Novice: 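My structure is below; once you've seen it, I'll send some questions.
Worth saying up front: this structure is predicted, and the values here are computed from it rather than measured. Positions are given from 1 along the sequence. Ligands are counted one by one from 1 in listed order, and the atoms in each one are counted from 1 as well.
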Amino acid sequence: QLNATFYANSCPNVSAIVRNVVQQSLQSDSRIGASLIRLHFHDCFVNGCDGSILLDNSGSIQSEKDAAPNTNSTRGFDVVDNIKTSVENSCPGVVSCADILALAAESSVSLTGGPSWNVLLGRRDSLIANQSGANTSIPSPFEGLANITAKFSAVGLNTTDLVALSGAHTFGRAQCRTFVNRLFNFSGTGSPDPTLNSSYLTTLQQICPQNGSGTALANLDLTTPDTFDNNYFTNLQSNQGLLQSDQELFSTSGSATVSIVNSFSSNQTAFFQNFAQSMINMGNISPLTGSIGEIRLDCKKVNGQGLEIISMYDLSRNKNILASY
Ligand code: HEM
Ligand SMILES: [Ca+2]
Ligand SMILES: [Ca+2]
């Protein structure tokens, strides 16, 4: 239902406009590409790719930004707003925020060394957010391969998609609180996770001391932290995956994920091809199309919220008042 030429007449340069803003942002923040693709992932897993993650609290909307996987973690919302402003300047009222996230994800990958692909477009923006859905549907790094596989399957993504898309951890950062459970007392054993390379363990223990704040950052890919390549998979083969959920893809014996990790590690082209296809698959999760939803003017709020000022008669005070809604 989505298609690559959706804006061919209404906004022919939209891809280049998005790409330019992402490129500018990367110059001052080498992490921003990683942050932007993660927003698309966290959007698509909750009510589909409908821009729901971008809505702020207001009225009946309980923002997904306050859900556990997102709070004090997701970033890049300001850059999404900059992209939206730039797109609105050329094509007012035409391009959805959900499509902007999909385009920004592709730019983020292709500008940092990864593959490019034709982004399918035509998504519309939600009128609601689903905070509780964000708490339950987005995978946690602690929950184990079987549960994570089930969460991917719940949105129509298979094991190859899981391994390929996990390869997005080839760039970006994670806070100590998301992996410190592996460093000192793993699962109550009193010892670190045995699937952690010992010198990598020492490095991570220095970044994340016991009883530290938990917000210090480590690179998800220790070898090429800002480059989109297949080193993530090579790292897993040497027990240098950062998150428990990363390392389990390779260290769960008998799992179908192991041979996929091995093939992506030995063949970057195969990884790139599968990654692009899996991004298209993820981008196809339950989009709003046709006349459902809307094209938001401001990605942070539903149209008509806090924008209009009306005059109305206040019965109790016997006069006209101005009200905004
Ligand atoms: C397979 C299940 C996944 C789990 C359990 C997971 C978990 C996490 C966690 C815990 C972080 C660190 C957050 C923080 O410390 O604030 C993170 C970061 C990140 N994730 Fe995932 N993730 C998964 C899949 C994905 C997918 C499918 C993508 C994209 C296609 C993705 C892209 C990223 C990126 C790029 C970052 C770094 C963001 C930044 O630096 O701002 N992840 N992920
Ligand atoms: Ca969504
Ligand atoms: Ca890398």
Novice: Could you tell me which N, O or S atom of D221 is nearest to the Ca ion (ligand 3)?
Specialist: OD2

Novice: Looking at every non-hydrogen atom in both residues, tell me the closest pair between Q247 and L236 and how far apart they are.
Specialist: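 Here Q247 and L236 meet closest at NE2-O, 2.9 Å.
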
Novice: Taking both backbone and side chain into account, is any N, O or S atom of V46 nearer than 3.0 Å to the Ca ion (ligand 2)?
Specialist: yes

Novice: Flag the pair D29 and R31 as a salt bridge only when some basic side-chain nitrogen lies within less than 4.0 angstrom of an acidic carboxylate oxygen.
Specialist: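 No, this pair does not count.
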
Novice: Minimum heavy-atom separation for L103 to V119, with atom names?
Specialist: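 Result for this residue pair: CD2-CB, 3.9 Å.
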
Novice: May I ask you to say whether R123 pairs ionically with D43, meaning some side-chain N is under 4.0 Å from a carboxylate O?
Specialist: no

Novice: Identify which of R38, R75, Q175, E143 has a heavy atom lying nearest to atom 38 (C) of ligand 1.
Specialist: R38

Novice: Is the backbone N or O of D193 less than 3.5 Å from a side-chain atom of R182, with the two atoms forming a donor-acceptor pair by type?
Specialist: no

Novice: Between N197 and N239 (side chain of the first, backbone of the second, donor and acceptor by atom type, cut-off under 3.5 Å), is there such a pair?
Specialist: no

Novice: Judging by distance only, is a nitrogen or oxygen of S140 under 3.5 angstrom from one on ligand 1?
Specialist: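 No; every N/O pair is 3.5 Å or more apart.
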
Novice: Atom 35 (C) of ligand 1: which protein heavy atom is closest, and how many Å away?
Specialist: A34 O, 3.2 Å

Novice: Give yes or no for whether the N/O distance cutoff of 3.5 Å, strictly under, is met between R177 and ligand 1.
Specialist: no

Novice: Between D56 and K300, does any side-chain N to carboxylate O distance fall below 4.0 Å?
Specialist: no

Novice: Suppose you place the vertex at the Ca ion (ligand 3); what is the angle out to T170 OG1 and T227 O, to 10°?
Specialist: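 Rounded to 10°, it measures 80°.
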
Novice: If you consider just the N/O/S atoms, which atom of H169 is the closest one to atom 21 (Fe) of ligand 1?
Specialist: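 The nearest such atom is NE2.
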
Novice: Could you tell me whether any N, O or S atom belonging to A98 is less than 3.0 Å from the Ca ion (ligand 2)?
Specialist: no

Novice: As a test of reading the structure, name the N/O/S atom of D50 that is nearest the Ca ion (ligand 2).
Specialist: OD1

Novice: For the Ca ion (ligand 2), decide whether S52 has an N, O or S atom at a distance under 3.0 Å.
Specialist: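 It does; at least one qualifying atom falls short of 3.0 Å.
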
Novice: What protein heavy atom sits nearest atom 41 (O) of ligand 1, and how far away is it?
Specialist: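 Atom 41 (O) of ligand 1 sits closest to the protein heavy atom S35 OG, 2.7 Å.
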
Novice: Give a yes or no on whether E64 keeps an N, O or S atom under 3.0 Å from the Ca ion (ligand 2).
Specialist: no

Novice: Hey, what's the ring geometry for F264 with F271, parallel, tilted or perpendicular (30° and 60° as the breaks)?
Specialist: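 Plane angle between 30° and 60°, so tilted.
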
Novice: Would you say S166 and ligand 1 have an N/O pair spaced under 3.5 Å apart?
Specialist: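 Among all N and O atoms of S166, none is under 3.5 Å from an N or O of ligand 1.
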
Novice: Is the shortest distance from a heavy atom of F152 to ligand 1 less than 4.0 Å?
Specialist: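 F152: in contact with ligand 1 (<4.0 Å).
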
Novice: With heavy atoms of G172 as the reference, note each atom of ligand 1 found under 4.0 Å away.
Specialist: 37 (C), 40 (O)

Novice: Which angle, to the nearest 10 degrees, do you find at the Ca ion (ligand 3) between OD1 in D229 and O in T224?
Specialist: 140°

Novice: Would you say N231 reaches the Ca ion (ligand 3) with an N/O/S atom under 3.0 Å?
Specialist: no

Novice: Do the two ring centres, one from F171 and one from Y232, sit under 6.0 Å apart?
Specialist: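 Judged by ring-centre distance (under 6.0 Å), F171 and Y232 do not meet the cut-off.
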
Novice: Looking only at N/O atoms, are N72 and ligand 1 under 3.5 Å apart anywhere?
Specialist: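 Such a contact does not occur with ligand 1.
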
Novice: Angle at the Ca ion (ligand 2): provide the value between O of G48 and O of D43, rounding to 10 degrees.
Specialist: 70°

